[in-house]
Amino acid sequence: MARRFSAPYQTEPVSSLASWARNLAVFAVVAVVVSILIVRFGFLEPKPALVTFFGGLAIAALSILFGLAGFAAIWQNGSRGMARILLAFLIDGAILAYPAYLGLQYRKLPPIHDITTDPIDPPRFDALARLRTGDGANSAVYAGLYSAEQQRQFYPDIEPIELEIPVDRAYAIALQLVNKRKWLVIDERAPQPPRRIGRIEAVARSPIMGLREDISIRVAPDGEDSRVDIRSASRYFDSDLGSNAARVTKFIDDLNTAADADALKPVKKTPVTPPKAPAKTVKK
């Protein structure tokens, strides 16, 4: 019986609009994946690759329009192709969901890309400055007063890190956290006399596209304690969509936690060896 009812439907032609919607969705996936691979593995500069990425998003949006038109055509003439339209919508939704979220973040967050705990004297990019000279790369010089004011307004909790541990221990813990995060260390200089200021320069990468974001950490003595400042800046684009502020905030929390745990460790006392008694001389 089921075959009798479905037989007339099986003879209906497949909607060309439904086929176009599915094919465009598949092509959009290919364009997006290829652009991500190009950026992550450094085959091209990020900006040309991102043109391909946004082109893929535009094709996904076009696929949705074809799908809606195909749905209307199927409703009117009874042609086949709903499965293709639903597949296209599923693919398009998967492609467009995260970029749509980032678009909302772009509207909510300030258009800045350089975050630091010390806007007056931010940690410098020395070794990293040589890596920020490509086409379209942001300057290694701090973004300036406008960026500092926007940061103060939107991220007021980002402040210098005051630790009640010696500068050598603070540097060691900071370097340990950098390695734990698998940031690529470009340069590291432990605190040395006379100034005893330690510096770490490293590169982090964004989760999906793998865009490079540069980090500089400065560890300085503050009496018997220490002070740590960190700077995180996107290498490309004027807005970081909050990624650098999130990185700095998480690093501050983890550094404070690790420093508190280190300060609570009992100090190992070196056992004192009792002095040997002088040998007695026997008088004959």
Side-chain angles (χ1 to χ4, degrees), residues 32 34-56 99 102 105-106 109-151 154-155 158 171 174-175 177-179 181-190 192 195 197-220 228-251:
V32 168
V34 168
S35 65
I36 291 174
L37 293 177
I38 288 174
V39 174
R40 287 200 71 90
F41 293 100
F43 297 131
L44 291 174
E45 292 292 334
K47 288 192 175 182
L50 285 178
V51 171
T52 305
F53 178 78
F54 286 114
L102 294 181
Q105 293 294 97
Y106 182 81
L109 298 174
I112 57 178
H113 64 272
D114 201 340
I115 300 295
T116 179
T117 55
D118 187 358
I120 304 300
D121 182 23
R124 299 190 307 272
F125 291 146
D126 291 333
L128 287 169
R130 296 189 293 271
L131 304 178
R132 297 172 69 91
T133 57
D135 182 30
N138 293 322
S139 171
V141 179
Y142 178 62
L145 182 62
Y146 172 78
S147 181
E149 180 59 29
Q150 292 292 305
Q151 175 186 313
F154 284 87
Y155 313 115
I158 294 180
Y171 176 85
L175 183 59
L177 289 175
V178 168
N179 291 327
R181 283 163 166 73
K182 293 182 170 49
W183 295 344
L184 177 62
V185 177
I186 303 300
D187 187 28
E188 54 176 290
R189 286 164 281 174
Q192 297 291 340
R195 298 187 63 190
I197 295 178
R199 299 184 185 277
I200 304 170
E201 294 185 65
V203 179
R205 305 190 71 175
S206 60
I208 297 178
M209 299 294 291
L211 295 171
R212 290 161 178 80
E213 296 177 325
D214 298 323
I215 300 154
S216 180
I217 300 171
R218 180 179 63 213
V219 186
V228 180
D229 286 292
I230 178 172
R231 176 185 174 193
S232 181
S234 301
R235 194 175 296 181
Y236 297 94
F237 307 110
D238 295 332
S239 176
D240 62 7
L241 303 177
S243 63
N244 289 297
R247 179 180 298 109
V248 170
T249 301
K250 187 67 168 61
F251 187 86

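Numbers here are sequence positions counted from 1.
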Under the side-chain hydrogen bond (donor to acceptor under 3.5 Å, both in side chains) test, residues paired with Ser35 that sit two or more places apart: none
Taking all non-hydrogen atoms of both residues, which atom of Asp114 and which atom of Ala143 are closest, and how far apart? OD2-N, 3.5 Å
The test is side chain to side chain contact (heavy atoms under 4.5 Å, CB included); show your working for Leu184 and Arg212 and say whether it passes. CA-CA 10 Å; Leu184 177 62; Arg212 290 161 178 80; over 6 Å; no
Please examine the side chains of Leu128 and Val203, heavy atoms only from C-beta on, and report whether any two atoms are closer than 4.5 Å. yes
Rounded to the nearest 0.5 Å, how far does CD1 of Ile112 lie from CZ of Phe154? 8.0 Å
Evaluate the side chain to side chain contact (heavy atoms under 4.5 Å, CB included) criterion for residues Arg181 and Lys250: first the C-alpha distance (whole Å), next the side-chain angles of each, then the deciding distance (0.1 Å), finally the verdict. CA-CA 11 Å; Arg181 283 163 166 73; Lys250 187 67 168 61; 3.7 Å; yes
Partner of Tyr155 by side-chain contact (heavy atoms from CB on, under 4.5 Å), out of Asn244, Thr249, Ile115: Ile115
What I'd like to find out is whether the side chain of His113 reaches to under 4.5 Å of the side chain of Glu213, using heavy atoms alone. no
Suppose the criterion is side chain to side chain donor-acceptor pair (under 3.5 Å): which pairs have a residue in residues 115-125, not counting sequence neighbours? Thr117-Asp229, Asp118-Arg218, Asp118-Arg227, Arg124-Asp126
CG-CG distance between Leu241 and Leu211, expressed to the nearest 0.5 angstrom: 10.0 Å
With sequence neighbours excluded, tell me which residues meet side chain to side chain contact (heavy atoms under 4.5 Å, CB included) with Val34. Val30, Ile38
Is Arg247 reaching over with its side chain to a backbone N or O of Ala233, donor-acceptor style, under 3.5 angstrom? no
Shortest non-hydrogen contact between Arg205 and Val39, atoms and distance: NH2-O, 3.7 Å
Hey, could you give me the CZ/CG distance between Arg130 and Asp187, rounded to the nearest 0.5 Å? 8.0 Å
Return the OG1 to CG distance between Thr133 and Asn138, rounded to the nearest 0.5 Å. 12.5 Å
Taken to the nearest 0.5 Å, the spacing of Ile200 CD1 from Asn179 CG works out to 8.0 Å
Where do Gln151 and Pro119 come nearest, in terms of heavy atoms and distance? NE2-CG, 4.4 Å
Work out which heavy atom in Ala204 is nearest to a heavy atom in Ile215; give both atom names and the distance. CB-CD1, 3.7 Å
Go through the structure and list residues passing side-chain hydrogen bond (donor to acceptor under 3.5 Å, both in side chains) with Asp214, not counting sequence neighbours. Arg132, Arg235
Closest non-hydrogen atom pair between Asp240 and Ala245, with its separation: OD2-N, 4.5 Å
Quick one: does any side-chain atom of Glu201 pair with a main-chain N or O of Ala127 as donor and acceptor, under 3.5 Å? yes
What residues, two or more places apart in sequence or in another chain, satisfy side-chain hydrogen bond (donor to acceptor under 3.5 Å, both in side chains) together with Arg199? none
Under the side chain to side chain contact (heavy atoms under 4.5 Å, CB included) test, residues paired with Ser139 that sit two or more places apart: Val141
Any side-chain heavy-atom pair of Pro99 and Phe53 under 4.5 Å: yes
When rounded to the nearest 0.5 angstrom, what distance separates OG in Ser239 from OH in Tyr106? 6.0 Å
Non-hydrogen side-chain atoms of Phe251 and Ile217 separated by less than 4.5 Å: yes
